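Heads up: the structure comes next, in structure tokens.
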There are 2 protein chains.
Amino acid sequence: MTTQSQGLHTHVLDTLGLEISSGQCPPGSVLRTDELAQRFDVSRTVVREVVRVLESMHLVESRRRVGVTVRPTETWNVYDPQVIRWRLAGADRPRQLRSLTVLRSAIEPVAAGLAARHATAEQCAELTERALGMVATSRGQQLEGYLEHDIAFHRIVLNASGNEMFARLGDVVAEVLAGRTHHQVMFEDPDPAAVTLHVRLAEAVREGDPEAAERITKEIAVGALHELDVLAP
Amino acid sequence: MTTQSQGLHTHVLDTLGLEISSGQCPPGSVLRTDELAQRFDVSRTVVREVVRVLESMHLVESRRRVGVTVRPTETWNVYDPQVIRWRLAGADRPRQLRSLTVLRSAIEPVAAGLAARHATAEQCAELTERALGMVATSRGQQLEGYLEHDIAFHRIVLNASGNEMFARLGDVVAEVLAGRTHHQVMFEDPDPAAVTLHVRLAEAVREGDPEAAERITKEIAVGALHELDVLAP
DNA sequence: AACCCATTAGGTACGACTTATTCAAGAGTC
DNA sequence: GACTCTTGAATAAGTCGTACCTAATGGGTT
């Protein structure tokens, strides 16, 4: 998922991005383009392009006569999906999952409220379908199927909110949900209460009840946060 | 604020980014690296680095034998501060300001609630100081001074929330507030009610009252949204 | 302490070559 | 004759290496 050999650029970028965001190259450490070119056995051109991209993500800073310096964490573009993926793959996944889940708990209730006002008939139908899909896959170790429906469900809500910024958070939510399923040792079937809440949320949106949609989504968020507290200290 | 001549790369990137996000190069249009190199009178090297950065923002897609294609809006990295700046400088600033303000109205109340729990004594002090600064500059056409305090105030709240994702939204909020002051023809002094709310929010955070902090911030957000409705149809 | 200069590593430019796509022309089939 | 399939030439991005420019740095000189 992280790297293919579809181009030298991609490979170098992904490797460096991962090393930096995993803390392997701590803030302040200096990279030299020539060394990188040697290390990856690519031309300086490729390295420079990679550095420029990392620079645009504020992961590094390139200064003459000094080299490419890793910048402090506070300046990262933490909303860049690529950065999120790197960080989720790295060492502090727990911390990252937590802050992203808190973000979700702030955004999604509001988005759900808006969705209840703006969702089209088609979106309502697809939402219901996904909720039913979650019910159908909620028992018997069908975690992957459940995950797919879960992601699609939340994506629809965010899109239906009609707000561009919310809609673009779909990828982030997808990463969080996938991370939770794949890495948080989720042996068991999903919490039945959560499944019910999703069904009820679909109903609330369909019936155009913003208050209910917001309230129910808050409950879902509380559940997700609680789950984090239980599974990760 | 947008562009300096601090490097060819920066200039080309900024110009192209602006042209693309302002819809001047609509999605689907194709750019050729050689043409760009000619147009900006720079080497292909520089153009390629710029294209790579635009690609990392998902503004364009570079394919062999076809050129650099502008991607549809839905794929932009709309959380990238650079993209936000370009879009706010472009044609659809109103739409952009609205969706960003809605985002704020979702995030900031939650952030304020967390800030009331986690803010350090120092942060509380600075918050109060900024609130007083807002009061002091709220009358007599001191819009720039007011703006500075306003930005600092919201930044502190977001930082004090202790959540990294919230904290990194400080730049976005700053852009929104600056955009509002500079472009929304804000002849008059700020709304006294809003000033009062900021003072009360500082108090609530200092006294560690999350519910009050959240409630007050919601009121501030409602005011901001209402202001948009009045000034921009 | 202030100044100057050599060193260093990134910034830019250019030219050559490679590779993936595309598009169109031509061969083959029904 | 219309259609599909193959093939090959044209094209624009991808990669590379080198040469040179420029700014920041650190040490050495006054």
Side-chain angles (χ1 to χ4, degrees), chain A residues 2-17 19-20 25-72 75-77 82, chain B residues 2-17 19-20 25-72 75-77 82:
Chain A
T2 14
T3 311
Q4 297 88 344
S5 52
Q6 52 157 55
L8 301 179
H9 178 84
T10 309
H11 173 242
V12 177
L13 177 63
D14 230 55
T15 307
L16 275 183
E19 284 184 10
I20 293 173
C25 306
S29 46
V30 176
L31 312 169
R32 246 75 58 95
T33 49
D34 290 306
E35 287 181 10
L36 294 174
Q38 247 190 301
R39 173 182 159 197
F40 290 102
D41 193 37
V42 295
S43 70
R44 203 161 71 100
T45 312
V46 172
V47 173
R48 297 201 81 267
E49 287 169 10
V50 169
V51 167
R52 278 264 136 93
V53 172
L54 292 173
E55 211 173 6
S56 86
M57 297 168 172
H58 295 91
L59 260 63
V60 302
E61 190 185 8
S62 180
R63 280 169 56 206
R64 278 178 152 137
R65 167 61 212 242
V66 67
V68 178
T69 316
V70 178
R71 300 184 67 179
T75 71
W76 294 178
N77 252 3
Q82 182 116 64
Chain B
T2 11
T3 311
Q4 295 88 346
S5 51
Q6 51 157 54
L8 300 180
H9 178 83
T10 308
H11 173 243
V12 177
L13 177 63
D14 230 56
T15 308
L16 276 184
E19 284 184 11
I20 293 174
C25 307
S29 45
V30 175
L31 311 169
R32 248 75 58 96
T33 49
D34 289 308
E35 287 182 10
L36 293 175
Q38 248 190 301
R39 174 182 159 199
F40 289 102
D41 193 37
V42 296
S43 69
R44 207 160 69 99
T45 314
V46 172
V47 174
R48 296 200 82 267
E49 287 169 9
V50 169
V51 167
R52 278 262 136 93
V53 171
L54 291 173
E55 212 174 6
S56 86
M57 297 169 172
H58 295 92
L59 262 62
V60 302
E61 190 185 8
S62 181
R63 281 168 55 203
R64 276 178 152 136
R65 166 61 210 234
V66 64
V68 178
T69 316
V70 178
R71 300 185 68 178
T75 71
W76 295 176
N77 253 1
Q82 182 117 64

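All figures in this text were calculated on a predicted structure; none of them were measured in a lab. Order of the sequence lines sets the chain letters (A, B, ...), proteins ahead of strands, with each chain counted from 1.
Using a 4.5 Å heavy-atom cutoff, the side chains of A:Gln82 and A:Val53 are not in contact.
Along DNA chain C, the stretch of nucleotides lying under 4.0 Å from any heavy atom of chain B spans, 5' to 3', C:dT12 to C:dT22.
When all heavy atoms are compared, the tightest approach of B:Trp76 to B:Leu59 is CZ3-O, 3.4 Å.
Considering only residues two or more places apart in sequence or on other chains, A:Glu61 meets the salt bridge (charged side-chain N to carboxylate O under 4.0 Å, His left out) condition with none of them. Annotation: salt bridge (charged side-chain N to carboxylate O under 4.0 Å, His left out) contacts of B:Arg64 (sequence neighbours excluded): none. Taking the salt bridge (charged side-chain N to carboxylate O under 4.0 Å, His left out) definition, one finds that B:Arg71 meets it with nothing, sequence neighbours left out.
Residue pairs meeting the salt bridge (Lys or Arg N to Asp or Glu O under 4.0 Å) criterion with at least one partner in residues 48-60 of chain B, sequence neighbours excluded, are A:Arg48-B:Glu49, A:Glu49-B:Arg48, A:Glu49-B:Arg52, A:Arg52-B:Glu49, B:Arg52-B:Glu55.
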Sort me out a list of protein N/O and nucleotides 7-14 of chain D N/O pairs below 3.5 Å, or just none if empty.
{"unit_1": "D:dA10", "atom_1": "N3", "unit_2": "B:Arg65", "atom_2": "NH1", "d": "2.9"}
{"unit_1": "D:dT11", "atom_1": "O4'", "unit_2": "B:Arg65", "atom_2": "NH1", "d": "3.1"}
{"unit_1": "D:dA12", "atom_1": "OP1", "unit_2": "B:Arg32", "atom_2": "NH1", "d": "3.2"}
{"unit_1": "D:dA13", "atom_1": "OP1", "unit_2": "B:Thr33", "atom_2": "N", "d": "3.1"}
{"unit_1": "D:dA13", "atom_1": "OP2", "unit_2": "B:Thr33", "atom_2": "OG1", "d": "2.6"}
{"unit_1": "D:dA13", "atom_1": "O3'", "unit_2": "B:Ser62", "atom_2": "OG", "d": "3.1"}
{"unit_1": "D:dG14", "atom_1": "OP1", "unit_2": "B:Arg52", "atom_2": "NH2", "d": "3.4"}
{"unit_1": "D:dG14", "atom_1": "OP1", "unit_2": "B:Ser62", "atom_2": "OG", "d": "3.4"}
{"unit_1": "D:dG14", "atom_1": "OP2", "unit_2": "B:Arg48", "atom_2": "NH2", "d": "2.4"}
{"unit_1": "D:dG14", "atom_1": "O5'", "unit_2": "B:Arg48", "atom_2": "NH2", "d": "3.1"}
{"unit_1": "D:dG14", "atom_1": "O4'", "unit_2": "B:Arg64", "atom_2": "NH2", "d": "3.1"}
{"unit_1": "D:dG14", "atom_1": "O6", "unit_2": "B:Arg44", "atom_2": "NH2", "d": "3.1"}

N/O donor to acceptor pairs below 3.5 angstrom from side-chain atoms of residues 29-42 of chain A, sequence neighbours left out:
{"unit_1": "A:Ser29", "atom_1": "OG", "unit_2": "A:Pro26", "atom_2": "O", "d": "2.4"}
{"unit_1": "A:Arg32", "atom_1": "NH2", "unit_2": "A:Glu35", "atom_2": "OE2", "d": "3.4"}
{"unit_1": "A:Arg39", "atom_1": "NH1", "unit_2": "A:Glu19", "atom_2": "OE1", "d": "3.3"}
{"unit_1": "A:Arg39", "atom_1": "NH2", "unit_2": "A:Glu19", "atom_2": "OE1", "d": "3.4"}
{"unit_1": "A:Arg39", "atom_1": "NH2", "unit_2": "A:Glu19", "atom_2": "OE2", "d": "2.4"}

